[in-house]
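Throughout, numbering of the chain's residues begins at 1 and tracks the sequence.
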Amino acid sequence: MASRRGAFALVAALCLLELERRGLAEEPAVPAMFVFGDSTVDVGNNNFLANCKANCKANYPRYGVDYPFQSPTGRFSNGYNLADQLAQKLGFDKSPPPYLSLPDVTIISQMSKGINFASGGSGLIDSTGWKVCTEVFNMSAQVQSFTSAVQKMGNGTADLISRSLIFINTGSNDLFEYTDFPSNTTRNDTEFLQSLVASYKGHLKDLYGAGARKFSVVSPSLVGCCPSQRAVAHDTNDLDFHGCSRAANGLSRQLYPMLGSMLRGLAADLPSMHYSLGDSVGMAELVLNGTVLPGANFTVLDRPCCGGGVGGCNGTAPLCLDRGSYLFWDNFHPTAAASNVFARELFFDPGAFVHPMNVHELAELRP
């Protein structure tokens, strides 16, 4: 079964490259893109949080070493991150700007083009991130800021918001904290995951209530395979067959079908709601199993390009030369090359890892 899926994915990847070769429309596929989530899609919101710790910011070298002008913008990447690269597939230059960077007088006008609300360290639970970062822009605040801006836009905005794309990538930090900081009480994994799904559902309903109709949702990947978690798993002898954290990856694998069930139920209950769910677990397993995808050649899967797994990623950290061969940029985040492969799958995948439609198809729908 696994080999058949791998073969299908390889054929699908070749199709994706052909679609990219043909090019996309000159005009963006949607009028605006709104981004919510964590550090995988944050483009600088944490820069504007006064109490946020330095380890939860990326506004210093060597972050951004491959970004235009080698700018450390607050992206947790060597270059463009997942939000940027999906935005580029949609026809934009990059992700919309971070919400917290915008003067109040410009927010309403920027809403017609899109805004990025994502914050590194945040999760589905509002308390997630505060222990590690001291301050984050949590999901409730992200969604509330969006709905407030929509209300201030006044009449005539329904068509714009309903045709725009809502892109959400969150949940990984909840899994990190659950496994890294176990409570003294007896844990119930099922109850914990159900609480994440309930929180996700609430946020989606709030966004729908503000007029959103097109949702691109990304499930948490195999968080146990991050270099940081591999080290913990090795120390505690909690290794799976990939050499990753068995406990953390088990949570990721359980969460994906739960999110799928929740989204199917919401789409059945909410008129004109459409969604695309990306299976990050399946995509990660394909790479970890050694499948070589067209346009990608990841040969270093277990350690980061920046820092090499010893210490953090900063201006004095050793840096790999071939960023395109590394899956991870730092101890938690993918390289720009890995994000590009993932964005391509989200946008063009014909059904191997993205259901019930890909983002290209979602963008073309008329609510």
Under a 4.5 Å side-chain heavy-atom rule over Ile, Leu, Val, Met, Phe, Trp and Tyr, are [X] and [Y] clustered together?
X	Y	answer
V300	V341	no
M139	L100	yes
V218	V43	no
I108	I115	yes
M258	L196	yes

If we ignore hydrogens and angles and just use 3.5 Å, is the side chain of [X] paired with the main-chain N or O of [Y] as donor and acceptor?
X	Y	value
Q254	L193	no
E177	G129	yes
S261	P257	no
S280	P220	no
S199	S195	no
E361	M357	no
S145	A141	yes
T157	G154	yes

Report yes or no: do [X] and [Y] form a side-chain donor-acceptor pair below 3.5 Å?
X	Y	value
S95	N116	yes
N314	Y63	no
S245	D238	yes
T291	N289	no
S77	R75	no
S122	N138	no
D330	H333	yes
D38	T170	no

Any side-chain heavy atom of [X] sitting closer than 4.5 Å to one from [Y]?
X	Y	value
I168	L207	yes
C226	F176	yes
T40	F332	no
S101	F48	yes
N46	C56	yes
Y208	L266	no
Y275	R264	yes
F92	V30	yes

I would like to know whether F76 and D42 meet side chain to side chain contact (heavy atoms under 4.5 Å, CB included); could you show each step before the answer? CA-CA 7 Å; F76 293 78; D42 183 357; 4.0 Å; yes

Set out, in order, the CA-CA distance, both residues' side-chain angles and the distance that settles side-chain hydrogen bond (donor to acceptor under 3.5 Å, both in side chains) for T128 and D174, then state yes or no. CA-CA 6 Å; T128 294; D174 302 286; 2.6 Å; yes

Could you state the interatomic distance from [atom1] ([X]) to [atom2] ([Y]), rounded to the nearest 0.5 Å?
X	Y	atom1	atom2	result
K57	S39	NZ	OG	14.5 Å
Q144	S148	CD	OG	6.0 Å
N55	C313	CG	SG	12.5 Å
D240	L222	CG	CG	8.0 Å
S164	M33	OG	CE	11.0 Å
L288	L327	CG	CG	6.5 Å

May I have the step-by-step check of side chain to side chain contact (heavy atoms under 4.5 Å, CB included) for M283 and V287, ending in yes or no? CA-CA 7 Å; M283 290 186 228; V287 174; over 6 Å; no

Considering the options S339, P334, C305, which one meets the side chain to side chain contact (heavy atoms under 4.5 Å, CB included) requirement together with W329?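 Per the side chain to side chain contact (heavy atoms under 4.5 Å, CB included) rule, the option paired with W329 is C305, out of S339, P334, C305.
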
Should D349 and N358 be marked as a side-chain hydrogen bond (donor to acceptor under 3.5 Å, both in side chains) after you check the CA-CA gap, both sets of side-chain angles, and the distance that decides it? CA-CA 6 Å; D349 177 70; N358 60 41; over 6 Å; no

Going through the distances and angles, do E285 and R253 end up as a salt bridge (charged side-chain N to carboxylate O under 4.0 Å, His left out)? CA-CA 11 Å; E285 287 186 325; R253 290 189 175 96; 2.7 Å; yes

Looking at F146, Y99, F215, which one forms a ring-ring contact (aromatic ring centres under 6.0 Å, His included) with F36?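 Exactly one option meets the ring-ring contact (aromatic ring centres under 6.0 Å, His included) with F36, and it is F146.
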
Kindly indicate, with the supporting measurements, whether the criterion side chain to side chain contact (heavy atoms under 4.5 Å, CB included) is fulfilled by L259 and V197. CA-CA 6 Å; L259 290 176; V197 173; 4.2 Å; yes

Examine R303 relative to F328 and say whether NZ or CZ is less than 6.0 Å from the centre of the six-membered ring and inside a 45° cone about the ring axis.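 Pair R303/F328 does not count as cation-pi.
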
Heavy atoms only: give me the nearest [X]-[Y] pair and the separation to one decimal.
X	Y	answer
M111	F34	O-CZ, 3.2 Å
A336	N78	N-OD1, 2.9 Å
K94	A87	O-CB, 3.4 Å
D93	Q88	O-NE2, 3.0 Å
V223	N249	N-OD1, 3.5 Å
F137	L49	N-CD1, 3.7 Å

Mind jotting down which residue pairs meet the side-chain hydrogen bond (donor to acceptor under 3.5 Å, both in side chains) criterion with at least one end in residues 211-237? Sequence neighbours excluded, please.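 Qualifying pairs, neighbours excluded: D180-Q229.
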
Given side-chain hydrogen bond (donor to acceptor under 3.5 Å, both in side chains), test N340 with Y80 step by step and report yes or no. CA-CA 8 Å; N340 180 52; Y80 290 116; over 6 Å; no

What's the verdict on side-chain hydrogen bond (donor to acceptor under 3.5 Å, both in side chains) for S325 and N297, showing C-alpha distance, side-chain angles and the deciding distance? CA-CA 6 Å; S325 66; N297 184 28; over 6 Å; no

Distance SG-SG for C320, C306 less than 2.5 Å: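 No.
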
